[in-house]
Amino acid sequence: MNDNRRPISSRFAPSPTGYLHLGHLVNAIYVWGLTRALGGQVLLRLEDHDRGRCRLEYEAAILEDLEWLKLEPDHGTPAEFRAGSTPYRQSDQGERYADILAGLVDRNLVYTCTCSRKDILARTGDQHDELRYDGHCRSRGYHPEVEGGTRLLLDGRSYGFHDLCLGPQVQRPAAQCGDLLLKDRHGCWTYQFAVTVDDWLHGVNLIIRGEDLLDSTGRQLQLAQLLGCDGSPRFLHHPLIHDSEGKKLSKRDFSRSLRDYRAAGWSPGRLLGAAASAVGLVEERQVLDPETLSELFLGGNLVQQYGRMISDETRQEGST
Ligand code: GLU
Ligand code: ZN
């Protein structure tokens, strides 16, 4: 059930594993532009759960780039991050994650898994487009003293949601990825666990991210249900920038960071315009004012879709 009276809250959630690039900027345009067009608030969260890959230098650069772009979050402001520990930085949330995991342990919903990626692949072959855990350690129980990851027992339920860009979706996490890893073998909280807990605790009710994360949504819905999270967020998975050969640009492919463009003399407005035109949000390369990104969405299809979704939910809730 959704609480339609709650103000809209969305988030921009980069991982400080590198510098921001054009793909992040596309996401930021959707997040700030659409959220503002809907009258909502944006929070900035730094997803530094992967302790091996995150660096403070990248965190500082993200904050600086957002200030340069004049993309201002309502919560998790650069000043808040620079002041020290904050609920919006995942590495500051270890105790909270541990408490939540302890609740799952008490309910016998997790177990210790000692398999490496290689072990799993050796058993399952690589016929799937992603690694699917085969449940090998399922019957072993939870043994925190054993070096290994922690997995969540998933039943075979399917999860449906209506994506604001892509329409109705159905996903079955147990068949896609198998039992979800919550904490890895090196003791790092996983993306799926940290993001689900945070979106819930931060009151995020509109999740706006790239299409590359579409498959994560069913997993996060299943985990949220097991955690007893109240209210399901709405989702929008937007198009990604493609390179000249039509291939999706992944983080690794982006050799040019926003700061490279900045060093080459680009203005924030020109960069925002380039990112927006690369995904067809504006017709031609134009200069965009960061203060008026909402104008890209006001009265547009996504705002209308959102309105329809809310009235459908309200109708359904009224009839139950
Ligand atoms: N931290 C993720 C990333 O940088 C984004 C997560 C999300 O939007 O759910 O790719
Ligand atoms: Zn295992």
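Counting starts at 1 for both ligands and their atoms, in listed order.
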Quick one: sort the [X] and [Y] rings into parallel, tilted or perpendicular, breaks at 30° and 60°.
{"X": "His237", "Y": "Phe235", "value": "parallel"}
{"X": "Trp266", "Y": "Tyr261", "value": "perpendicular"}
{"X": "His238", "Y": "Tyr30", "value": "parallel"}
{"X": "Tyr58", "Y": "Tyr19", "value": "perpendicular"}

Which ligand 1 atoms does Glu47 reach within 4.0 Å, using its non-hydrogen atoms?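 Per the distance check, 1 (N), 2 (C), 5 (C), 6 (C).
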Show the atoms of ligand 1 that are less than 4.0 angstrom away from any heavy atom in Arg11.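 What qualifies from ligand 1 is 7 (C), 8 (O), 9 (O).
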Taking heavy atoms and a distance under 4.0 Å, where does Leu213 meet ligand 1: side chain, backbone, both or neither?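 Only the side chain of Leu213 comes within reach of ligand 1.
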Is there a donor-acceptor contact under 3.5 Å linking the side chains of [X] and [Y]?
{"X": "His75", "Y": "Ser9", "result": "no"}
{"X": "Tyr191", "Y": "Gln90", "result": "no"}
{"X": "Asp48", "Y": "Ser91", "result": "yes"}

Polar contacts were defined as any N/O atom of the residue lying under 3.5 Å from an N/O atom of the ligand; does this apply to His24 and ligand 1?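 No.
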Under 3.5 Å, N or O to N or O, is Ala13 touching ligand 1 that way?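 So ligand 1 has an N or O lying under 3.5 Å from an N or O of Ala13.
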Give a yes or no on whether the backbone of Leu221 and the side-chain of Gln225 come within a donor-acceptor separation of less than 3.5 Å.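 No, because the side chain of Gln225 does not come within donor-acceptor range (under 3.5 Å) of the backbone of Leu221.
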Does anything in residues 287-299 form a side-chain hydrogen bond (donor to acceptor under 3.5 Å, both in side chains)? List the pairs, not counting sequence neighbours.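 Every candidate side-chain hydrogen bond (donor to acceptor under 3.5 Å, both in side chains) pair involving residues 287-299 fails, so no pair, neighbours aside, qualifies.
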Any Gln220 heavy atom less than 4.0 Å from ligand 1: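 The answer is no: ligand 1 sits nowhere under 4.0 Å from a heavy atom of Gln220.
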Atoms named by residue and atom, protein N, O or S, within reach of the Zn ion (ligand 2) (under 2.8 Å):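 For the Zn ion (ligand 2), the protein N, O and S atoms that sit under 2.8 Å away are Cys113 SG, Cys115 SG, Tyr133 OH, Cys137 SG.
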